[in-house]
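Note that the coordinates shown come from a computational prediction; the quantities given were computed from them, not determined experimentally.
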Amino acid sequence: TMEFETTVTPIASSSKFLVMLNLTVDNIGDSHFDGQLRRNVSSSETTIGDTGNAFNDNGNWGSDNFHGQGYTMTFLDTPNTSSQINYRFYIRENSGGRIRLMSTGPCGLTVMEIKG
């Protein structure tokens with residue numbers, strides 16, 4: 001499992017947060033993967049977006065290798081809190097192949113507060 005993580009403290013409890021993920025990966029072999037964004041506030045974790053996997057079975061191209069596959073996901077979150085928020089995006093390879101982040105491609109988790 002790979003993950004991206006960032007922590008923010010809201011200016012106001014009415015703020016919304018735009019959470020953007022950029023991911024560039026190599027899919028090696030029969031690789032497909034799931035991803036999920038989670039919010040943690042005061043040890044209470046919530047899945048953002050889809051209640052299952054935010055994206056499921058991406059990159060399933062059989063046994064070939066594919067390099068430099070780019071993914072972008074955007075979420076608008078309304079946590080209704082002034083407490084510190086930890087956003088974490090999980091990626092899990094689920095087919096016995098391999099997935100790896102490309103060190104030369106854009107990867108990152110960006111969070112922008114929108115005043116409510």
Side-chain angles (χ1 to χ4, degrees):
T1 301
M2 293 179 271
E3 59 189 65
F4 294 93
E5 177 178 16
T6 191
T7 301
V8 296
T9 302
I11 294 170
S13 61
S14 59
S15 293
K16 295 181 181 181
F17 289 86
L18 184 63
V19 182
M20 300 166 285
L21 173 79
N22 293 306
L23 177 67
T24 307
V25 298
D26 287 338
N27 296 300
I28 310 300
D30 186 16
S31 178
H32 52 106
F33 57 94
D34 300 330
Q36 191 174 76
L37 179 67
R38 299 178 190 167
R39 172 197 341 118
N40 189 312
V41 177
S42 303
S43 299
S44 176
E45 190 170 76
T46 303
T47 300
I48 307 300
D50 184 350
T51 56
N53 290 306
F55 55 84
N56 185 35
D57 288 343
N58 281 276
N60 188 3
W61 295 289
S63 60
D64 294 332
N65 296 334
F66 289 87
H67 303 284
Q69 301 299 306
Y71 298 90
T72 300
M73 299 181 73
T74 305
F75 303 86
L76 184 60
D77 186 31
T78 309
N80 297 315
T81 185
S82 58
S83 298
Q84 189 176 61
I85 303 167
N86 176 265
Y87 287 104
R88 186 176 286 176
F89 190 84
Y90 293 89
I91 303 160
R92 178 188 66 205
E93 203 292 322
N94 63 12
S95 66
R98 286 186 344 194
I99 181 173
R100 70 177 178 213
L101 296 176
M102 289 189 61
S103 60
T104 58
C107 291
L109 184 63
T110 303
V111 178
M112 182 186 320
E113 184 170 2
I114 303 167
K115 186 177 177 182

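Residues Leu21 and Leu37 fail the side-chain proximity criterion, which asks for heavy atoms closer than 4.5 Å. Annotation: side chain of Phe17 is not in contact with side chain of Arg39 (no heavy-atom distance under 4.5 Å). Using a 4.5 Å cut-off on side-chain heavy atoms (C-beta onward), Phe4 and Leu23 make contact. The shortest side-chain heavy-atom distance between Met20 and Met112 falls under the 4.5 Å cut-off.
Expressed to the nearest 0.5 Å, how far CG of Asn86 lies from OG of Ser42 amounts to 11.5 Å. Here the CG-OG distance, from Asp77 to Ser15, works out to 11.0 Å after rounding to the nearest 0.5 Å. Separating the CE atom in Met73 from the CD atom in Gln36 is a distance of 10.0 Å, to the nearest 0.5 Å. Atom CG of Leu76 and atom OG1 of Thr74 lie 10.0 Å apart (nearest 0.5 Å). Here OH of Tyr87 is found 11.0 Å from CG of Asn40. Values are rounded to the nearest 0.5 Å. Residue Asn22 holds its CG atom at 11.0 Å from CZ of Phe89, rounded to the nearest 0.5 Å.
More than 12 heavy-atom neighbours from other residues, nucleotides or ligands sit within 6.0 angstrom of CD1 on Ile114.
Under a 3.5 Å cut-off, the side chain of Ser44 and the backbone N or O of Val41 do not form any donor-acceptor pair.
Residue Ser82 comes nearest to Pro10 through the heavy atom pair O-CD, 3.8 Å, listed as atom of the first residue, atom of the second, then distance. Scanning all heavy atoms of the two residues, the minimum distance from Ile11 to Glu113 falls at N-OE2, 2.8 Å.
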